[in-house]
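The basis for the numbers below is simple: all heavy atoms, side chains too, and nothing from hydrogens, waters or symmetry mates. Chain identifiers are assigned alphabetically (A, B, ...) following the order of the sequence lines, protein sequences preceding nucleic acid strands; residue numbering begins at 1 within each chain.
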Amino acid sequence: MTPGEYKNGGKDLRIAYHFDSTRLGEILIASTGKGVCYLAFVSQQAAALKELKALYPKAAFRGEKNRRHAQALRFLFKNNKGSGRIALHLKGTAFQLKVWRALLRIPLGELASYSSVAKGIQKDKAVRAVGTAIANNPVAYLIPCHRVIQASGLFGQYRWGEAKKTSLIGWEAARIFR
DNA sequence: GGAAACGCGGAGT
DNA sequence: ACTCCGCGTTTCC
């Protein structure tokens, strides 16, 4: 995976998006020429699209299902380690990118705590900052923010609801036995 | 540039 | 169970 960086409002950026329904629920996925830049679970399409556009206010959007989307969706259905090479194109601060990269190292079916992630990037005391950075992960699932739980064992918060987090973790736990 | 807000943790009660 | 404080980074005045 090759996370890029993007610091401005997405000007000169062309973003293709489309909605799809998967066995994990309805999603909105978007990509630039360089990689997937957004993936979110959707409850209302209009609101979801608005959130995406807020992230890249100056970009040009168009609805289109393309090969990159299809590849990412395949990953959702059969993500074993072998197929895990999806290009990502991310907009984030240096700290956020560091945190997100750390998440990519958590294997399917495994869990990490917010504090272990903080230690992993040599920021032992930045636990809370790590939580915030994870919360702002723009690419749900591909960057497995749902695999990070509280040190106590409680699952903790999730952007799309704790119930969603629970079902993702359960689904992955089941997958590793197949 | 300061305050407030955060997907937390730990130590208290 | 619930509070209270500290923590690092980002975002909003």
| From C:dG8, B:dG7, C:dT10, pick the nucleotide closest to the side chain of A:Phe95? | C:dT10
| task | Using only heavy-atom distances, determine whether the side chains of A:His146 and A:Glu172 contain a donor-acceptor pair under 3.5 Å. | result | yes
| query | Is there a path from A:Leu103 to A:Leu76 through hydrophobic residues (I, L, V, M, F, W, Y) whose side chains come within less than 4.5 Å of each other? | reply | yes
| message | Are A:Ile149 and A:Trp171 connected into the same hydrophobic cluster when the rule is that any two of I, L, V, M, F, W, Y join if their side-chain heavy atoms are below 4.5 Å apart? | response | no
| note | Expected list for residues 127-135 of chain A near DNA chain C, using heavy atoms below 4.0 Å, is A:Arg128, A:Ala129, A:Thr132
| task | Kindly indicate whether the side chain of A:His18, heavy atoms from C-beta on, has any atom under 4.5 Å from the side chain of A:Leu73. | result | yes
| note | Which of B:dG9, B:dG7, C:dT9 is nearest the side chain of A:Lys123? It is C:dT9
| Dot-bracket for DNA chain B: what is it, with Watson-Crick or G-U pairs under 3.5 Å, [ ] where a pair crosses earlier ones, and | for a pair to another strand? | ||||||.||||||
| Using a cut-off of less than 4.0 Å, is there contact between a side-chain N or O of A:Lys125 and OP1 or OP2 of B:dC8? | no
| Atom CG of A:Leu154 and atom C1' of C:dC2: how far apart are they, to the nearest Å? | 14 Å
| query | How about A:Gln45 and A:Glu26: does a side-chain donor come under 3.5 Å of a side-chain acceptor? | reply | yes
| Is there a donor and acceptor pair closer than 3.5 Å between the side chain of A:Tyr114 and the base of B:dG7? | yes
| request: Determine whether more than 12 heavy atoms belonging to other residues, nucleotides or ligands lie under 6.0 Å from atom NZ of A:Lys164. | output: yes
| message | Is there a side-chain contact between A:Thr132 and A:Gln96 in this structure, where contact means two heavy atoms from C-beta onward sitting under 4.5 Å apart? | response | no
